[in-house]
Every structure is written in structure tokens, then in C-alpha cells.
Amino acid sequence: MPRWALLLPLAAAALLGASLALPMNGAIASACAVALIGAVIAAVHHAEVVAHRVGEPFGTLVLAIAITVIEVALIVSMMLAGGEGKAELPRDTIFSAVMIICTGVVGICLLVGGLHHHEQSFHLDGANSALAALVAMAGLSLVLPSFTTSSDGGTYTVSQLAFVAVSSLALWAVFVFVQTVRHRDYFLPPTNADDEDIHAKPPSNGQAWASFGLLLIGLVSVVGLAKQLSPTIEAAVAAAGAPKAVIGIAIALLVLLPETWAAVRAARADRLQTSMNLALGSALASIGLTIPVVVVAAVLLDLPLVLGLAAKDLVLLLLTFIVGAITLGTGRTNVMQGAVHLVLFAAFLFLSLVP
């Protein structure tokens, strides 16, 4: 194990502890930002070690679930601290995560892969399964609340929340079963004789467990440092006069850094299937795991929860799914598809700042 891979997560965790004990100021905020980047780099390294040991698609699943579980903890903790002022935070964060992944992460992967390898391929059956589940889950969780009549203001009744939570969790569980058991071959990358990482000797069990532990430390540090930086982010958003939804975008961007880096590295190494597994799996986990936990917290603790998207965001989400179905509908990609996704990502960011 490289020394930096051992030291960076530990240093980030130590700085997280210091930031919790000391009052936040400019110097500590800058140090937290640097430590967060270092923790992301280390987390990606350890995720790749674990992935190499357990093989695909389990490796990408480990990273997606780990990050999503910690993201859920971050959202719920901010809901508890913010009360009614955070009623829209889960919606904004989930929507931002889906848009960042489906336009930004996928777009960068397709562009980088296309620039280095001209054309790349992945298993269409796996992508279609993931997209179908994602469209259904996003529609039930983020679209329908804006049109139901039993509750006003983009909200669901308790019974509707329970139905959506169970449906989201069930769809995600079925997808994981399909990905790892019933149709695992849909998510396995084609053999690449030129990729030394694929044919390298897998790490030992001891190395894999050590990397798994350091991966968890790194991810906890990433989310903890992101939470510590959130007041600074909120203050910057307020000073700039930007909409509150930008806070959810910032949280999603910070939390998704490890997955984004891992996905782009895989695309550059001509392992686009791994990139697709990471991206689409993360988008599904961000809804399938987040919605049930947020719903339970909102019902049990009597917290306000607004899930329905505004008209502008509904159009962006619909456009993203239509474009995704077209660009990923052949199983082969090039730089053009990447450029289209990145333009949608730029539109999402711009219209979030200038609604």
C-alpha cells in the first residue's frame, strides 16, 4: 500500500476531529477543503483495490452504497438541525445527484473515453435495466408529488410517502439482485488485453480489508468535512444571492467526488462498463436508499418534506432521460454523446444559478 494512501484518510479524519473541536475560520476552512480533496484521492484508490479483489460489478457496488449511505446520514442530520428550513433539501440533493451523474459524470466519461479511444462499448442490457429503474424511481419520487391532489405544495401524504419509499427500495433491491446474481454478465466489462490493471494479481484478503477500512474512513471524512464546510457554502450562496437549491448542488458535488473520479479513470483506461456501473448504480442508490430513510425520518420525527420538483426542473429531468435513452441506446459511444450530456450539465448549473 502506498504511504500516501494510508496517511491521507487518517490525516483527513484527524482534521475533521479538529474542525469539530475548534471554531471554524478561514484557515481551518481552507485546510478542510485540502483534506477533503486528499480524502477523495485516497478513497478512489482504496475503492479500486477492493473492486479488484471482489471483481465487477461488486466493486462498483461497494463504492456506490458506501457513499450513498453516508450521504443519507448527512441529509438526515441537516434536516434535523434545520427543521422547516430544510424541507426541500432532500429533494434538491437527490435531484442534483441524478442530474450531476446522468449529465456531468456520464458526459465527462464519454468525452474522455472518446478522446482517448475514439469509440467505446458497454453492455446495453445492463444500461437499459438501470435506466428503466431510474426513470420509474425518479418519476415516483420527484415528479408525481407536483401533480397529486391529496396534499399540496409538492408534498405527499403519509400513505403516499410509505408507498413511494417501499417502491423505491424494492426497485433498487431487484436491480442489485439482477446486477450481482441473476444477470451479472450484463454488467461485466469486456476483456481488454491492453489493460494491465485487469490482469494484475488481485490483492490479498488482508490488503482488501485494510483498503475497505480506509475507504470507509475516507468516505466518512469526505462527508464530515463537507458538512463542516456547509455553513461556509451556505454563507457564500447567500452572499451571492443564489437560490437555496444551490446548497443541494454543492452537497451532491462534494459527496460524488470519489465516484466521479473513479468513473473518469475507468473510462480513460477503456473500461467504460465500469464507468456506467458506477454512474447508473450511484444514481439508483441515491434514490433507492435515500428516499426510504428520509421518509421514515420525516414521518417518525414529524419533519416537513417537499419532494415535488418545479416546472423548470421537471423539464430538465425529462430532457436528461430522453437524451440518455438516445445516447446510450446503442451500446457504443463517442465524443458527440459526451458533448451533448455536458451541455445539459452546463444548462443545469446555469439555470440553477439563474432560474
Side-chain angles (χ1 to χ4, degrees), residues 64 88 91-116 119-120 122 124 126-143 146 242-257 259-264 266-268 272 275-287 290 307-355:
E88 298 174 350
R91 178 202 67 187
D92 293 340
T93 305
I94 294 170
F95 172 65
S96 298
V98 172
M99 291 298 297
I100 290 167
I101 291 168
C102 292
T103 60
V105 177
V106 171
I108 294 173
C109 289
L110 298 186
L111 185 66
V112 169
L115 289 174
H116 284 84
E119 270 194 357
Q120 292 181 297
F122 58 92
L124 187 58
N128 282 341
S129 300
L131 280 174
L134 182 59
V135 171
M137 291 163 67
L140 290 172
S141 302
L142 302 176
V143 178
S146 298
K244 288 185 178 180
V246 175
I247 298 173
I249 296 174
I251 292 173
L253 283 171
L254 289 173
V255 173
L256 289 171
L257 272 176
E259 286 173 300
T260 301
W261 195 341
V264 173
R268 193 179 189 282
L272 187 63
S275 300
M276 292 295 103
N277 291 348
L278 269 171
L280 297 178
S282 298
L284 286 169
S286 70
I287 300 180
T290 304
L307 291 177
L309 292 171
K312 168 182 67 67
D313 295 332
L314 288 174
V315 173
L316 281 173
L317 186 66
L318 178 63
L319 186 60
T320 296
F321 286 149
I322 292 175
V323 169
I326 296 173
T327 58
L328 304 180
T330 63
R332 300 193 66 83
T333 63
N334 54 52
V335 294
M336 186 66 218
Q337 285 102 319
V340 172
H341 280 264
L342 288 177
V343 167
L344 286 179
F345 179 58
F348 161 67
L349 294 178
F350 175 74
L351 293 175
S352 296
L353 292 170
V354 188

Problem set entry | L353 vs L349 side-chain heavy atoms within contact, under 4.5 Å | no
For this session: Report yes if some heavy atom in the side chain of T327 is under 4.5 Å from a heavy atom in the side chain of T333; otherwise report no.
Result: no
Exercise. Tell me, do F348 and S96 make a side-chain contact under 4.5 Å, heavy atoms counted?
Worked result: yes
Exercise. How many angstroms lie between CG in L307 and CG in D92, if you round to the nearest 0.5 Å?
Worked result: 10.5 Å
Exercise. Which heavy-atom pair separates K312 from P355 by the least distance, and what is that distance?
Worked result: CE-CB, 3.9 Å
For this session: Ignoring hydrogens and angles, tell me if any N or O in the side chain of H341 forms a donor-acceptor pair with the backbone of G104 under 3.5 Å.
Result: no
Exercise. To the nearest 0.5 Å, how far apart are CZ in F350 and CZ in F345?
Worked result: 14.5 Å
Exercise. Is there a donor-acceptor pair under 3.5 Å between the side chain of Q120 and the backbone N or O of A267?
Worked result: yes
Exercise. So how far is it from L115 CG to R268 CZ, rounded to the nearest 0.5 Å?
Worked result: 10.5 Å
Exercise. Hey, which of V98, L142, I287, I94 is the one that makes side-chain contact (heavy atoms from CB on, under 4.5 Å) with M137?
Worked result: I287
Exercise. Under the 3.5 angstrom rule, does the side chain of T103 hit a backbone N or O of L344 as a donor-acceptor pair?
Worked result: no
Problem set entry | Taking every non-hydrogen atom, the tightest pair across A138 and L317 | CB-CD2, 4.3 Å
For this session: Supply the atom-to-atom distance T260 OG1 to L253 CG, rounded to the nearest 0.5 angstrom.
Result: 8.0 Å
Exercise. Does a side-chain heavy-atom distance below 4.5 Å link S275 with L272?
Worked result: yes
Exercise. Does the side chain of V340 reach to within under 4.5 Å of the side chain of L110, using non-hydrogen atoms?
Worked result: no
For this session: Kindly give the heavy-atom pair with the smallest separation between S146 and L309, and that separation in Å.
Result: OG-O, 2.8 Å
Exercise. Atom CZ of F122 and atom OG1 of T330: how far apart are they, to the nearest 0.5 Å?
Worked result: 6.5 Å
For this session: Could you tell me which non-hydrogen atom of R332 sits nearest to which non-hydrogen atom of Q337, and how far apart they are?
Result: O-NE2, 3.3 Å
Exercise. Can you find a heavy atom in the side chain of M276 that is under 4.5 Å from one in the side chain of V106?
Worked result: yes
Seminar exercise, completed: Here the gap from L256 atom CG to I101 atom CD1, rounded to the nearest 0.5 Å, amounts to 5.0 Å
For this session: Answer yes or no: is there a side-chain heavy-atom contact under 4.5 Å between C109 and V105?
Result: yes
Exercise. So, do V143 and L314 sit near enough that their side-chain heavy atoms are less than 4.5 Å apart?
Worked result: yes
